[in-house]
Number of protein chains: 2
Amino acid sequence: MQTGQDAAAIFVERWNEAASFEQTGTCPVRNVLDKIGDKWSMLIVMYLAAGPKRFNQLHREIPDISQKMLTQTLRDLQRDGLVARQVFDTKPPSVEYRLTTLGHSLIVPFGHLIDWANQSIPSINKARAVFDAAS
Amino acid sequence: MQTGQDAAAIFVERWNEAASFEQTGTCPVRNVLDKIGDKWSMLIVMYLAAGPKRFNQLHREIPDISQKMLTQTLRDLQRDGLVARQVFDTKPPSVEYRLTTLGHSLIVPFGHLIDWANQSIPSINKARAVFDAAS
DNA sequence: GCCATTGATTACCTGGAGGTAAGTGCATGC
DNA sequence: GCATGCACTTACCTCCAGGTAATCAATGGC
């Protein structure tokens with residue numbers, strides 16, 4: 001709770017700080033949250049948490065992602081230093097993706113969020129049912 | 001780490017489960033992540049963490065949100081049971097928003113994420129600089 | 001020769017999140 | 001009698017994340 005309050009203060013502060021930038025929404029916290037909110041980043045991180053994977057291996061395990069989005073999301077993760085890309089000079093060149101130390105460190109706090117989500121889903125669904133019934 | 005791995009497994013499982021639905025993206029975990037990823041939900045939760053606030057009070061404290069989005073986001077949070085709305089029958093009717101118990105419980109895991117983000121920003125920026133230099 | 005696989009890139013298109021601006025009904029202040 | 005504040009609602013528009021599909025260059029199997 002205390003940590004939460006502190007975090008809230010920092011969060012709001014940074015957010016406001018970014019708001020004063022105006023030109024670009026370069027709030028560092030928002031920056032991270034955008035990745036978490038996008039459709040594929042966290043899914044890929046979670047798949048890579050199990051160990052390094054090749055491009056098409058990921059593609060097969062996540063059938064509903066397009067090649068374009070897989071490439072693009074991996075690039076973004078690589079750019080942010082969460083994922084490392086390694087090319088092997090085999091006959092048909094193969095590429096391996098693995099989480100970096102930084103990438104692995106995300107799994108812990110993100111895991112807490114997922115745990116919260118899973119625990120809270122019943123309450124949320126109940127609240128929604130009540131809300132929708134009254135409208 | 002262990003918790004993280006477990007969370008990852010549950011996450012991926014649920015995600016896939018939702019993928020099998022096909023018709024609607026009703027993955028419960030994605031459902032929660034969408035709120036966290038959207039532009040205003042978490043900012044409002046963080047502002048309300050400090051205590052109950054009135055509509056226009058929030059609007060003044062977050063100047064760059066539109067009335068439309070403030071109303072809409074508050075409604076969504078209310079529907080999910082994260083925020084409670086209380087109407088006072090004063091001469092110009094006033095409305096107060098406060099976090100529910102469920103809403104407060106989000107602050108803890110979300111705070112971990114923010115902490116991670118703040119701690120990791122230097123690494124991320126460095127990684128970006130390196131990546132951008134090599135392209 | 002034909003086709004598949006590997007890891008991409010590119011052009012084109014759509015849906016929906018979110019912004020802008022105006023309007024609403026009521027009450028108080030000047 | 002006009003403006004202001006409160007808590008919205010509505011119509012309209014814009015932008016971009018993400019999807020679809022075609023293409024690429026090299027290689028090995030049939």
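Sequence lines set the chain letters: A, B, ... in the order given, protein chains first and strands last, and positions in each chain run from 1.
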Is the closest side-chain heavy-atom distance between A:Tyr97 and A:Lys53 below 4.5 Å? no
Under 4.0 Å from OP1 or OP2 of C:dT6: is there any side-chain N or O of A:Arg60 that close? yes
Whole angstroms only, please: what is the CG-C1' distance between A:Leu58 and C:dA8? 14 Å
Answer with yes or no whether the hydrophobic clustering places A:Phe131 together with B:Val45; edges join I, L, V, M, F, W, Y residues whose side-chain heavy atoms lie under 4.5 Å apart. no
Do A:Asp38 and A:Ser41 have a side chain donor and acceptor closer than 3.5 Å? yes
For B:Phe88, report the nucleic acid contact type (base, sugar-phosphate, nothing); a contact means any heavy atom under 4.0 Å. nothing
Base contacts versus sugar-phosphate-only contacts with protein, heavy atoms under 4.0 Å: please encode nucleotides 18-30 of chain D as B, S and - from 5' to 3'. BBB------S---
Which part of the nucleic acid, if any, lies within reach of A:Ser94 when heavy atoms closer than 4.0 Å are counted: base, sugar-phosphate only, or nothing? sugar-phosphate
OP1 or OP2 of D:dA7 versus the side-chain N and O atoms of B:Arg54: is any pair under 4.0 Å? yes
Could you tell me the separation between the CE atom of A:Met42 and the C1' atom of D:dA17, rounded to a whole number of Å? 16 Å
Do A:Phe88 and A:Leu48 sit in one hydrophobic cluster, given that two such residues count as connected whenever their side-chain heavy atoms are within less than 4.5 Å of each other, even indirectly? no
Side-chain heavy atoms nearer than 4.5 Å, only ILVMFWY residues, links allowed to pass through others: does that put A:Ile65 and B:Leu33 together? yes
If you check the A:Thr71 side chain, which of C:dA8, D:dC8, C:dT6 turns out closest? C:dA8
Reckon B:Asn56 has a side-chain N or O less than 4.0 Å from the OP1 or OP2 of D:dG5? no
Could you tell me whether the phosphate oxygens of D:dA7, OP1 or OP2, come under 4.0 Å of any side-chain nitrogen or oxygen in B:Arg85? no
